[in-house]
Amino acid sequence: FFQDRQVSPDICTRISRYYEYLWTVQKGWNVATLFEDMPYTLQADIFCAISQDYIQLVPVLRQGDSGFTAMLSMQLRPEYFLRGDWIAKSADISRSIIFVAKGYVEVVVKGVVVKVKHPGSYFGDDTAISGSP
């Protein structure tokens with residue numbers, strides 16, 4: 001498939017590494033689809049329980065009522081990044097708030113690490129909420 005589309009060997013290696021890591025982390029389970037056959041209210045309760053700690057980290061999200069929190073928690077999806085992957089670049093307009101659950105994220109400006117985000121921290125809230133970089 002990738003050879004037919006002339007995808008570089010570097011990208012093919014990154015794809016392989018990503019799926020190897022995903023298997024290591026998830027063991028074949030996909031949280032996004034695991035509960036989809038359950039009643040909506042039960043799904044909401046499950047996702048609220050799973051994501052409550054993250055939602056409480058962001059002051060503007062913390063102010064929402066239980067209905068808002070339920071709807072928001074059902075929209076959260078895990079994403080996995082490998083060491084060296086770019087999550088976003090400075091000119092990007094983010095539609096996401098990124099919560100660091102494991103590992104760390106380096107904020108790099110002009111090749112220099114200016115900040116490190118550790119588990120329990122988040123970023124992207126300013127652009128995801130306002131819509132401007």
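Reckoned from all heavy atoms, side chains included, excluding hydrogens, waters and symmetry mates.
- Ile50 is connected to Tyr40 through a chain of hydrophobic side-chain contacts under 4.5 Å among Ile, Leu, Val, Met, Phe, Trp and Tyr, so both are in one cluster.
- Between Phe35 and Phe47, the angle of the ring planes goes over 60°, which puts this pair in the perpendicular group of the 30/60° scheme.
- Remark: Met38 CE is packed, more than 12 non-hydrogen atoms of other residues, nucleotides or ligands lying under 6.0 Å away.
- Rounded to the nearest 0.5 Å, atoms CD (Gln56) and OG1 (Thr69) are 7.0 Å apart.
- Taken to the nearest 0.5 Å, the CG atom of Asp45 stands 10.0 Å off from the OG atom of Ser66.
- Summarising the geometry of Phe68 relative to Asp65, their closest heavy-atom pair is N-OD1, 2.7 Å, with the distance given to 0.1 Å.
- Side-chain contact check for Phe123 versus Val107: every heavy-atom pair is 4.5 Å or farther apart.
- Of all the heavy atoms in Cys48 and Ala70, the pair that sits closest is SG-CA, 3.4 Å.
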Under 3.5 Å donor-acceptor pairs involving side-chain atoms of residues 111-120, not counting sequence neighbours:
{"residue": "Lys117", "atom": "NZ", "partner": "Tyr122", "partner atom": "O", "Å": "3.3"}

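- Looking at Thr13, its side chain does come within 3.5 Å of a backbone N or O of Pro9 through a donor-acceptor pair.
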Side-chain donor/acceptor pairs under 3.5 Å, residues 74-85, sequence neighbours excluded:
{"residue": "Arg77", "atom": "NH1", "partner": "Met74", "partner atom": "O", "Å": "2.8"}
{"residue": "Arg77", "atom": "NH2", "partner": "Met74", "partner atom": "O", "Å": "3.0"}
{"residue": "Asp85", "atom": "OD2", "partner": "Leu82", "partner atom": "N", "Å": "2.9"}

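- Separation of atoms CG (Leu22) and CZ (Arg17) is listed at 13.5 Å; rounding is to 0.5 Å.
- Between the side chain of Ser51 and the backbone N or O of Tyr54 there is no donor-acceptor pair closer than 3.5 Å.
- Contact record, Ser73 with Ala44: OG-O, 4.1 Å, taken as the closest heavy-atom pair.
- Atom CD1 in Ile55 sits 4.0 Å away from atom CG in Leu72 (nearest 0.5 Å).
- A 4.5 Å side-chain heavy-atom check between Val105 and Ile98 finds every atom pair outside the cut-off.
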